[in-house]
Amino acid sequence: MNLKNRDFLKLLDYTPEEIRYLLDLAKKFKKMKKEGIAHRYLEGKNIVLLFEKTSTRTRCAFEVAGYDLGANVTYLDPGSSQMGKKESIEDTAKVLCRMYDGIEYRGFSQEIVETLAKNSDVPVFNGLTDEFHPTQMLADIMTLEENFDTSKGKKLVFMGDCRNNVAHSLMVVCSKLGMNFVACGPRELWPKEELVDTCRKINEETNGSVLLTEDIDTAVSGAHAIYTDVWVSMGEEDSVWKKRIELLNKYQVNMDIMNKADSNAIFLHCLPSFHDLKTTIGLEIYEKFGLKEMEVTDEVFNSSKSKVMDEAENRMHTIKAVLYATMGDNIE
Ligand code: CP
Ligand code: NVA
């Protein structure tokens, strides 16, 4: 398998075998990290992280993965580069690839990260756009496989805003890996039809499936993983909260829903999550709409079914696999 110099922009660009390779590599890196075995395979390499939206996990995962691999990492925070305001995306890409061996971008449209990639001759990594969040997917599937050994044939249910970047990306990765993906939420928020069609075509090859439903019982019956995400994503207007809460309140993941799934079912969430009142936005929503918990109850979030902290840790191991596979010189 040779992924040297490949961009990592969306999983539609990757074959099931390539995704499998990255997952297996991530498992090796996790083991090496736990055993204290050095893996400084990217010494002398430089990586730039370009963030137009905020982040905890993605930024830290890229930084620590880079450092563990021996690379140097520069972080450009939202608002501190010239990109977009004084310099085009094209020019930014052309400049950065003269200095760096890899470019990570988190921000708005998928078109931006694709334009960066077109104009740079070093790998570009998508750290989340409005459309896709591919590095998150590797961590999610890795976490699932840590609990069920294999992902193939497993049923993963996404509940909530099924049109968002995470839901769309899950539908793609599940299809690539021959899993049974269910989008459960109100019809208004079902995944984009064009992407559903694309995934159904992929499923003809992989024996996976995609089901869209408004019915919670149908969705969660026999499910191995129940996944949710925030009801309003970064970049959306505050004014959408009211309508979103009306539409999604009944799709909150609670213990009743978890108990209807497979007895070994796990709960997943990309994080950050509104499961209590310990955040400023959580408090504002409580004051305006009276909700103490949003997409998931505190009980589920903190239960033994919840694997969200393993999932967060796995961001780092999986991103390390992507950096090594695309930037490393001595790939076995
Ligand atoms: N899951 C995730 O991408 O988290 P951050 O927004 O903190 O990077
Ligand atoms: N859908 C969320 C994911 C955050 C990791 C957002 O885009 O804000």
Side-chain angles (χ1 to χ4, degrees), residues 8-11 26 47 49-66 73 75-78 104-110 112-113 125-144 158-173 183 185 189-192 195 225 227-241 244-245 247-248 251-253 267-275 278-282 285 294-296 301 306-320 322-323:
F8 193 77
L9 306 178
K10 55 187 183 304
L11 287 177
I47 304 166
L49 312 180
L50 201 48
F51 277 74
E52 294 198 305
K53 288 178 179 168
T54 52
S55 167
T56 297
R57 276 145 294 273
T58 308
R59 177 202 174 165
C60 296
F62 267 98
E63 286 210 21
V64 176
V73 183
Y75 171 69
L76 290 174
D77 66 35
E104 182 271 359
Y105 171 80
R106 162 171 288 198
F108 297 93
S109 75
Q110 182 71 17
I112 298 177
V113 79
F125 315 110
N126 178 358
L128 179 147
T129 58
D130 293 340
E131 287 88 350
F132 292 114
H133 194 5
T135 61
Q136 178 72 49
M137 297 305 109
L138 297 177
D140 299 345
I141 300 301
M142 179 173 178
T143 310
L144 185 92
F158 181 90
M159 298 197 46
D161 175 12
C162 304
R163 291 180 86 87
N164 80 10
N165 42 15
V166 169
H168 276 163
S169 306
L170 283 167
M171 184 166 71
V172 172
V173 78
L189 298 175
W190 279 2
K192 291 199 176 128
L195 190 62
Y227 197 123
T228 191
D229 185 12
V230 289
W231 289 343
V232 175
S233 286
M234 289 184 277
E236 292 194 286
E237 298 293 330
D238 281 350
S239 57
V240 306
W241 271 109
R244 243 1 115 69
I245 288 170
L247 284 171
L248 292 175
Y251 295 97
Q252 178 190 63
V253 179
F267 171 72
L268 296 173
H269 190 312
C270 53
L271 307 183
S273 161
F274 295 119
H275 58 93
K278 295 176 188 165
T279 62
T280 48
I281 293 178
I285 297 296
M294 282 191 259
E295 71 276 5
V296 56
F301 189 90
S306 173
K307 303 299 171 195
V308 296
M309 296 306 161
D310 293 335
E311 189 183 2
E313 178 190 325
N314 287 340
R315 296 296 310 285
M316 197 272 290
H317 305 298
T318 46
I319 283 171
K320 197 179 276 180
V322 173
L323 295 180

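For ligands, and for the atoms within them, numbers begin at 1 and follow the listed sequence. One is the number of the first residue; the rest follow in order along the sequence.
- Within the 4.0 Å heavy-atom cutoff, L271 counts among the residues contacting ligand 2.
- At least one cation-pi condition fails for R59 and F51: the charged atom is not both under 6.0 angstrom from the six-membered ring centre and inside a 45 degree cone around its axis.
- Scanning the protein heavy atoms around atom 3 (C) of ligand 2, the nearest turns out to be D229 OD2, 3.5 Å.
- Taking a 4.0 Å cut-off on heavy atoms, H133 registers as neighbouring ligand 1.
- Taking 4.5 Å as the limit, every side-chain heavy atom of F125 sits out of range of all side-chain heavy atoms of P134.
- Geometrically, ligand 1 and Q136 share a nitrogen or oxygen pair separated by less than 3.5 Å.
- Considering only heavy atoms from C-beta on, L128 comes within 4.5 Å of N165 through its side chain.
- Residue-level proximity to ligand 2 for N165 is carried by the side chain, the only part with a heavy atom below 4.0 angstrom.
- Looking only at side-chain heavy atoms (C-beta outward), E236 and W241 stay at 4.5 Å or farther from each other.
- Under the 30°/60° scheme for interplanar angles, the aromatic rings of H168 and F132 are found to be tilted.
- Residue contact check: L128 has heavy atoms under 4.0 Å from atoms 3 (C), 4 (C), 5 (C), 7 (O) of ligand 2.
- Counting the atoms of ligand 1 from 1 in the order shown, those under 4.0 Å from a heavy atom of T56 are 5 (P), 7 (O), 8 (O).
- Of all atoms in ligand 2, listed by their number and element, those nearer than 4.0 Å to a heavy atom of M234 are 6 (C), 7 (O), 8 (O).
- Side chains of V172 and M137 form no contact here, defined as non-hydrogen atoms less than 4.5 Å apart.
- Residue S233 approaches ligand 2 through these ligand atoms, each under 4.0 Å from one of its heavy atoms: 1 (N), 2 (C), 6 (C), 7 (O), 8 (O).
- With 3.5 Å as the limit, one finds a donor-acceptor pair spanning the side chains of Q110 and N126.
- Using a 4.0 Å cut-off to heavy atoms of R57, the atoms of ligand 1 that qualify are 1 (N), 2 (C), 4 (O), 5 (P), 7 (O), 8 (O).
- Among H269, R59, R106, K53, the residue whose heavy atom sits closest to atom 6 (O) of ligand 1 is R106.
- Contact of the I285 side chain with the I281 side chain is registered, since non-hydrogen atoms from C-beta on lie closer than 4.5 Å.
- Under the 4.5 Å side-chain criterion, counting only non-hydrogen atoms from C-beta, T135 is in contact with R315.
- Contact check for Y227 versus E311: side-chain heavy atoms found under the 4.5 Å cut-off.
- Every N/O-N/O distance between M234 and ligand 1 stays at or above 3.5 Å.
- Contact between L128 and ligand 1 is absent, with no heavy atom of the residue lying under 4.0 Å from the ligand.
- Residue C270 has at least one N or O atom closer than 3.5 Å to an N or O atom of ligand 1.
- Residue contact check: R315 has heavy atoms under 4.0 Å from atoms 1 (N), 2 (C), 3 (O) of ligand 1.
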